[in-house]
Amino acid sequence: MEEVGQRGYSSMLSLTQHMIGIQPICDSVMTLWPPSFDCYNILLPNSLNIPEVILGVPGSVDIKLISLAMYASSRANECAYCTSHCCSFAVRRGVDPSILRNLLAEVSSNNKKSNED
């Protein structure tokens, strides 16, 4: 990761570290093709409206609600990689872990019902 920082990506990597508490493996892989890294790090926060939410712009959606939506959609799509990052993101934004456990049970139950149909 030191080489990545020397290429000028250290500020984006620091932002990701701050947002979710870990450094995703995909970041170091995407730096091999700079356009993918730049696109990912610009589109993802903006698609979640993160700049407004973190800055507290009036009328922005509550960050906890965004966190829960991210977690639920990752679980529903059975992506363990995204689910783990979304879980960390949600907890770091103040979502009670018991809410995530309940949501996990609900999503798992709905997935079972869908598979039976």
Side-chain angles (χ1 to χ4, degrees):
M1 290 301 274
E2 188 175 315
E3 179 184 329
V4 171
Q6 291 172 352
R7 288 190 208 159
Y9 292 119
S10 59
S11 62
M12 289 303 282
L13 294 171
S14 296
L15 178 62
T16 304
Q17 177 78 29
H18 175 73
M19 286 179 59
I20 62 174
I22 59 170
Q23 193 61 63
I25 294 169
C26 69
D27 281 359
S28 58
V29 172
M30 281 195 274
T31 58
L32 298 174
W33 188 48
S36 73
F37 182 83
D38 295 339
C39 184
Y40 164 78
N41 281 291
I42 291 170
L43 287 178
L44 184 63
N46 285 301
S47 67
L48 298 171
N49 207 22
I50 297 298
E52 287 187 11
V53 171
I54 289 178
L55 295 174
V57 173
S60 58
V61 178
D62 181 28
I63 190 70
K64 291 179 184 179
L65 182 59
I66 291 173
S67 301
L68 290 172
M70 291 167 51
Y71 180 77
S73 64
S74 296
R75 283 298 303 170
N77 287 292
E78 300 177 355
C79 180
Y81 182 82
C82 292
T83 299
S84 65
H85 293 323
C86 292
C87 180
S88 172
F89 184 87
V91 170
R92 290 176 65 83
R93 298 302 169 283
V95 174
D96 187 336
S98 65
I99 293 172
L100 295 173
R101 279 191 294 276
N102 292 339
L103 188 57
L104 170 62
E106 184 68 29
V107 169
S108 296
S109 173
N110 287 340
N111 280 349
K112 278 184 184 177
K113 289 177 187 174
S114 294
N115 290 336
E116 290 172 359
D117 293 338

| query | Are Phe37 and Val29 linked, directly or through other ILVMFWY residues, by side chains that come within less than 4.5 angstrom of each other? | reply | no

| query | Measuring from Arg93:CZ to Ser88:OG, what's the distance to the nearest 0.5 Å? | reply | 8.5 Å

| query | Taking Asn77 for the side chain and Cys79 for the main chain, is one N or O donor matched with an acceptor at less than 3.5 Å? | reply | no

| query | Do any N or O atoms from the side chain of Tyr71 and from the backbone of Leu103 form a donor-acceptor pair under 3.5 angstrom? | reply | no

| said: Any side-chain to backbone donor/acceptor pair from Ser36 onto Met30? Under 3.5 Å, distance only. | reply: yes

| So do Tyr40 and Asp27 actually touch side chain to side chain, heavy atoms under 4.5 Å? | yes

| task | Answer with yes or no after comparing the ring centroid distance for Tyr81 and His85 against a 6.0 Å cut-off, counting only values under it. | result | yes

| note | When every non-hydrogen atom of Ser67 is compared with those of Val95, the smallest separation belongs to CB-CG2, 4.2 Å

| query | What's the spacing between Arg75 CZ and Leu68 CG if we round to 0.5 Å? | reply | 14.0 Å

